[in-house]
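A short write-up of the structure that comes next.
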Amino acid sequence: MTQIKGVIPAMMTFFDKEENVDIQCTRRMVDFMLDHGADGFYLTGSTGECFTMTAEERNLVVDTVIDQVKGRVPVIVHVGDIGTKKSIELAKHAYEAGADAISSVPPFYWKFRADDIYSYYKDISEATPLPMVVYNIQLAGLMDMGLLLKLADLPNVHGLKYTARSHDEMGYLKEKLGSDFMIYSGCDEMAFSGMCAGADGIIGSFYNLFPDLYKKILAKVEASDIKGGMRLQKIADEVIFAALKYDFPSVLHGMMNWRGLESGYSRKPFYNYEDSELTGLKEEILRIKEK
Ligand code: NAY
């Protein structure tokens, strides 16, 4: 597949106060992230609140972002859902809209067998010519190494997004699957070590907010500057740990507003903070910046 690398925001979905997808806000946010170094976009994933959205709304986000990006960077569309048929429809739309790749979490909620999960990815990846990035949320424990390797053998599966608190398996997979198979590190707290373990890129929520900081972290990896990379990652982590004391991803809207962005709202049942409720977080982050 096209080698999609670098800092890739798992883009938030920007709703207006009435919970409609805010198209103008979405366009502004695309430009903000591109101006601050985003190397691609990952749409309608969990940070994008996809499971609160209808297929039409998800498609609207895809159309809007692709239109705004105008080919400047690649766009990966998360098409995950519980039903294969629903995911295939989202995948077909992504293909027609001009996406560069699709991606999916495994089907969830019910306990599916490994064979069912395999069929899910097979069916979706065969539904369009687009490369598929399998999204392994290891924290959910749905896919083991045997299944991941089997999935990687499917003709259209060309990448793996690996969200885990350790990098041993990710490094092993990168080594085994080779340079053309894209591996993405999915924990923003561990971007630097993920890249050191061999990832090709990073996909995550906080790259909505400061892709520029993560560009610097990736530059440190490139320069083999371990101390410099660790120092920047530590700054990012302090901000992330402070933010994660609040409801997520809605807290991100508040944080983006501080950058003067008017980034809209999360959708219910996510809680939207009043700015006054985030004063403590703002002060904590200012202290981190001053250090
Ligand atoms: C998506 O689909 O939105 C993502 O890829 C989100 C990735 C995030 N992982 C989870 C489990 O939500 O960016 C991370 C995460 O928010 C970050 O590391 C903070 O823990």
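Since this is a predicted model, take the numbers as computed values, not measurements. In each ligand, atom 1 is the first atom listed, and ligand 1 is the first ligand listed. For the single chain, residues carry numbers from 1 onward in sequence order. Note: hydrogens, waters and symmetry copies are ignored here, and every other heavy atom, side chains too, is used.
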Is there a side chain to side chain contact (heavy atoms under 4.5 Å, CB included) between Asp16 and Cys25 once you walk through the steps?
CA-CA 9 Å; Asp16 65 20; Cys25 182; over 6 Å; no
Would you tell me which option among Glu189, Met190, Met11 has the nearest heavy-atom contact to atom 18 (O) of ligand 1?
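Closest candidate by heavy-atom distance is Glu189.
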Any side-chain donor near an acceptor of the partner, Asn20 and Glu57, under 3.5 Å
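No, because no side-chain N or O of Asn20 sits under 3.5 Å from a partner of the opposite role on Glu57.
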State, without any angle test, whether Gln68 and Asp31 hold a side-chain donor-acceptor pair at a distance under 3.5 Å.
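The criterion, which ignores hydrogens and geometry beyond distance, is satisfied for Asp31 and Gln68.
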What atoms of ligand 1 come closer than 4.0 angstrom to any heavy atom of [X]?
| X | answer |
| --- | --- |
| Gly45 | 2 (O), 3 (O) |
| Tyr42 | 2 (O) |
| Cys187 | 18 (O) |
| Thr47 | 1 (C), 3 (O), 4 (C), 6 (C) |
| Phe248 | 16 (O) |
| Ala10 | 1 (C), 3 (O), 4 (C), 5 (O) |
| Gly204 | 13 (O) |

When the ring planes of Tyr271 and Tyr273 are compared, do they come out parallel, tilted or perpendicular, using 30° and 60° as the limits?
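It falls in the perpendicular class, over 60°.
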Non-hydrogen atoms of Val105 versus ligand 1: any pair closer than 4.0 Å?
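Val105 does not count as a contact of ligand 1 under the 4.0 Å cut-off.
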Close approach, Lys161 and ligand 1, non-hydrogen under 4.0 angstrom
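A heavy atom of Lys161 does come that close to ligand 1.
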Determine the minimum heavy-atom distance between Ser103 and Val133, stating which atoms define it.
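Answer, listing the atom of Ser103 first, then Val133: OG-O, 2.7 Å.
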Phe51/Tyr109 aromatic ring centres below 6.0 Å
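Between Tyr109 and Phe51, which both carry aromatic rings, the centre distance is not below 6.0 Å.
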Can you confirm if the NZ or CZ of Lys161 lies within 45° of the ring axis of Tyr184 and under 6.0 Å from the centre of its six-membered ring?
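Cation-pi check for Lys161 and Tyr184: fails.
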Taking non-hydrogen atoms only, is Ile137 closer than 4.0 angstrom to ligand 1 via side chain, backbone, both or neither?
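It is neither; nothing of Ile137 touches ligand 1.
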Might you work through the side chain to side chain contact (heavy atoms under 4.5 Å, CB included) test for Asp180 and Gln3, ending with a clear yes or no?
CA-CA 7 Å; Asp180 283 342; Gln3 301 228 326; 3.2 Å; yes
